[in-house]
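Since the structure comes first, as C-alpha cells, the remarks are kept for the end.
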Amino acid sequence: MSTPGRNSYSKVNMIDLHTSFGEGGPQLDNYLLRSTQELDAITELVSRGEVVDRDSRDWMLDQVDSIVETIGNESLELGDEMRSNLLQLLLAIANLNEHIRRQTSLGL
C-alpha cells in the first residue's frame, strides 16, 4: 500500500470507463479494494492531526468523479452489491472531506 503525500496516486487507482466491468468484475473489485486502502491511509493522517496535501485531496475528488460516472453509466450492468459498495466508498470520501474541511476551518 502506498502512502499519501508522495505523489503515490496513479491512474491505476482510477476507474477506466473504457473497460467493460460487466457485473462489476475483478477489475472493479480491485479498484474498490485499492481505493479503500488509499482512503484509509488518508484517514489515518487526518486522525493524527496531519494536514492532508493537495495530491490527496485531488485524488479524493477524482474518485468521486469516477464513482459518479460509473454509477450513472447506463451501459454498465452493475449488480446491487457493487452499486452499494461504490456508494459506500463515495459516502466515506464525502465524510472524510467534511472532516478535513472542519479541521481546516478550526485551524484558521
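Only heavy atoms go into these numbers, but all of them, side chains included; no hydrogens, no water, no symmetry mates.
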Considering non-hydrogen atoms only, spot the tightest contact between Gln103 and Val46 and give its length.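 Smallest interatomic distance, heavy atoms only, reads NE2-O, 3.4 Å.
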Taking all non-hydrogen atoms of both residues into account, name the closest pair between Ser35 and Gln63 and its distance.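 That would be OG-OE1, 3.7 Å.
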How many angstroms lie between atom [atom1] of [X] and atom [atom2] of [Y], to the nearest 0.5 angstrom?
{"X": "Trp59", "Y": "Leu39", "atom1": "CH2", "atom2": "CG", "result": "5.5 Å"}
{"X": "Glu50", "Y": "Ile42", "atom1": "CD", "atom2": "CD1", "result": "12.0 Å"}
{"X": "Arg57", "Y": "Ile93", "atom1": "CZ", "atom2": "CD1", "result": "12.0 Å"}
{"X": "Glu81", "Y": "Gln88", "atom1": "CD", "atom2": "CD", "result": "9.0 Å"}
{"X": "Arg101", "Y": "Leu96", "atom1": "CZ", "atom2": "CG", "result": "13.0 Å"}
{"X": "Met60", "Y": "Asp55", "atom1": "CE", "atom2": "CG", "result": "13.0 Å"}

Exercise for review: Keeping the roles fixed (side chain from Thr36, backbone from Leu32), state whether a donor-acceptor pair exists under 3.5 Å.
Suggested key: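 Checking the backbone N and O of Leu32 against the side chain of Thr36, a donor-acceptor pair under 3.5 Å is found.
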Hey, quick one: are [X] and [Y] part of the same hydrophobic cluster, counting side-chain heavy atoms closer than 4.5 Å, chains of contacts allowed?
{"X": "Val51", "Y": "Ile100", "answer": "no"}
{"X": "Val64", "Y": "Ile71", "answer": "yes"}
{"X": "Leu86", "Y": "Leu33", "answer": "no"}

*Ser84 vs Leu87 side-chain heavy atoms within contact, under 4.5 Å*: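 No, their side chains stay 4.5 Å or more apart.
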* Do Asp40 and Thr43 have side-chain atoms, one donor and one acceptor, less than 3.5 Å apart? ->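 No pair is found: no donor N or O on one side chain lies under 3.5 Å from an acceptor on the other.
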Check your understanding: Residues two or more places apart in sequence or in another chain: which of them pass side chain to side chain contact (heavy atoms under 4.5 Å, CB included) with Leu61?
Key ->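 Partners of Leu61 by the side chain to side chain contact (heavy atoms under 4.5 Å, CB included) criterion come out as none, since no residue qualifies.
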(request) Determine, for Glu38 against Arg34, whether the closest basic-nitrogen to carboxylate-oxygen distance falls under 4.0 angstrom. (result)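 No.
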Next item on the list: Take Asn73 and Thr70 through the side-chain hydrogen bond (donor to acceptor under 3.5 Å, both in side chains) test and state the conclusion after the steps.
Entry: CA-CA 5 Å; Asn73 187 339; Thr70 299; over 6 Å; no
Inset, instruction - Answer yes or no: does atom CZ of Arg54 have more than 12 heavy-atom neighbours from other residues, nucleotides or ligands under 6.0 Å? - result: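 Counting neighbours around CZ of Arg54, 12 or fewer heavy atoms of other residues, nucleotides or ligands fall under 6.0 Å, so no.
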Enclosure of Glu98 CD (heavy-atom neighbours >12, cutoff 6.0 Å) =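 Result for CD/Glu98: enclosed.
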message: So, using side chain to side chain donor-acceptor pair (under 3.5 Å) as the criterion, who are the partners of Asp58 when residues are at least two apart?
response: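 With neighbours one apart ignored, the set is empty.
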